[in-house]
Amino acid sequence: MTPETIKIDDVTYVRSDKAEVEKDLSGFPYRIVRTRSAGVFAGYLVLLDGTSVRMIEARRIWFWSGAASLSQLSVDGTSNPKECKFPVPVNVQLYDVIEILEVTEKAKKSIEGVPIWEQ
C-alpha cells in the first residue's frame, strides 16, 4: 500500500488528488464567462448563483487571436490557435460575473484545441 491509499474493512481508498477519475461533463453546458475583475474563462458551468458561478475544466482566456470579439470566439472559435494564450484547465469559483456566452460545438472544439500556454 502506498501513502496515497488507505485500507479500511477490505476497501482501499485513494486520495482524491491521486485518483484517476473519468469525468462525465455531458450534463453541463460549456460557456464563456466574463467577470468584472478576474477576466474571462471558458469551461463547463456547473453552478450559477446570482452573479457567482462555479466552473470545471475552465481555461482562462488570457489572450486570443483569430476572433474579433468574445462573441465571435463563442460562435466560431479561433482561426489562429497558435497565437492564443489559454493556460491549463482548472476548477474555479468566479464572482461578479457580467457576461455568460453560449458556446457552439465548433467553438468548443476550437478552444479546447488551443495548446496550453505556459511560461
Side-chain angles (χ1 to χ4, degrees):
M1 203 169 328
T2 65
E4 290 87 20
T5 64
I6 186 171
K7 192 168 191 173
I8 302 172
D9 296 330
D10 295 324
V11 177
T12 302
Y13 296 88
V14 180
R15 276 184 22 189
S16 63
D17 61 330
K18 299 296 181 183
E20 302 229 357
V21 178
E22 186 175 323
K23 297 176 186 171
D24 179 13
L25 301 173
S26 61
F28 300 110
Y30 194 87
R31 299 289 187 257
I32 292 177
V33 174
R34 184 165 62 108
T35 68
R36 189 167 310 284
S37 59
V40 178
F41 290 79
Y44 294 91
L45 183 65
V46 297
L47 178 67
L48 172 60
D49 183 17
T51 60
S52 172
V53 300
R54 176 87 178 138
M55 297 183 82
I56 57 176
E57 296 294 313
R59 296 182 73 184
R60 187 183 300 266
I61 306 298
W62 184 260
F63 176 85
W64 74 88
S65 177
S69 65
L70 289 175
S71 300
Q72 185 181 9
L73 186 64
S74 74
V75 173
D76 297 326
T78 174
S79 63
N80 195 6
K82 291 182 181 178
E83 294 299 316
C84 294
K85 295 180 179 179
F86 303 168
V88 64
V90 297
N91 299 338
V92 63
Q93 182 79 29
L94 299 170
Y95 301 94
D96 293 327
V97 171
I98 57 176
E99 182 177 31
I100 300 175
L101 295 164
E102 292 184 15
V103 178
T104 66
E105 188 61 31
K106 173 186 173 186
K108 176 181 175 275
K109 286 179 183 176
S110 174
I111 291 166
E112 289 179 333
V114 170
I116 292 175
W117 175 59
E118 298 175 306
Q119 284 196 336

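Given the structure is predicted, the values throughout are model-derived calculations rather than measurements.
When the salt bridge (charged side-chain N to carboxylate O under 4.0 Å, His left out) test is applied to Glu102, no partner is found at least two apart in sequence or on another chain. Listed by chain and number, the residues in a side-chain contact (heavy atoms from CB on, under 4.5 Å) with Lys109 are Glu105 (sequence neighbours excluded). Evaluation of the side chain to side chain donor-acceptor pair (under 3.5 Å) rule for Arg60 yields no partner, not counting sequence neighbours. Remark: Glu83 engages no residue in a side chain to side chain donor-acceptor pair (under 3.5 Å) (not counting sequence neighbours).
Connection of Ile32 to Tyr95 is not established within any shared hydrophobic cluster, with ILVMFWY side chains joined at heavy-atom distances below 4.5 Å, either directly or through further cluster members. Clustering ILVMFWY residues whenever any of their side-chain heavy atoms sit less than 4.5 angstrom apart, transitively, puts Leu48 in a cluster other than the one holding Ile56. Cluster membership check: Leu25 shares its hydrophobic cluster with Val103, using side-chain heavy-atom separations under 4.5 Å among Ile, Leu, Val, Met, Phe, Trp and Tyr. Ile61 is not connected to Trp117 by any chain of hydrophobic side-chain contacts under 4.5 Å among Ile, Leu, Val, Met, Phe, Trp and Tyr, and they are in different clusters. A single hydrophobic cluster is not seen to contain both Val33 and Val46; linkage of ILVMFWY side chains at heavy-atom distances under 4.5 Å, directly or through other members, places them apart.
Of the possible donor and acceptor atoms, one in the side chain of Ser110 sits under 3.5 Å from a partner among the backbone N and O of Thr78. A donor-acceptor pair under 3.5 Å links the side-chain atoms of Arg59 to the main chain of Phe86, judged by distance alone. Checking side-chain atoms of Thr35 against main-chain N and O of Val97 turns up no donor-acceptor pair under 3.5 Å. The closest donor-acceptor contact from the side chain of Asp96 to the backbone of Ser37 lies at 3.5 Å or more, if one exists at all.
How far CG of Leu101 is from OH of Tyr30: 12.5 Å, rounded to the nearest 0.5 Å. The line from CD1 of Ile111 to SG of Cys84 is 9.0 Å long, rounded to the nearest 0.5 Å. The CZ atom of Arg36 sits 5.5 Å away from the CD1 atom of Ile98 when rounded to the nearest 0.5 Å.
For the pair Ala107 and Ser74, the tightest heavy-atom approach, listed with the atom from each and the gap, is CB-O, 3.2 Å. Contact record, Val92 with Ala58: CG1-CB, 4.1 Å, taken as the closest heavy-atom pair.
For residues 41-56, the side-chain hydrogen bond (donor to acceptor under 3.5 Å, both in side chains) pairs, not counting sequence neighbours, are Tyr44-Lys108, Tyr44-Glu112, Ser52-Gln93.
At a threshold of 4.5 Å between non-hydrogen side-chain atoms, the residues Pro89 and Ile116 count as touching.
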Identify each donor-acceptor pair in which a side-chain atom of residues 63-70 lies under 3.5 Å from a protein atom, sequence neighbours left out, and give them as a table.
residue, atom, partner, partner atom, Å
Trp64, NE1, Ala67, O, 3.0
Ser65, OG, Asn80, ND2, 3.0
Ser69, OG, Ser71, N, 3.3
Ser69, OG, Gln72, N, 3.2

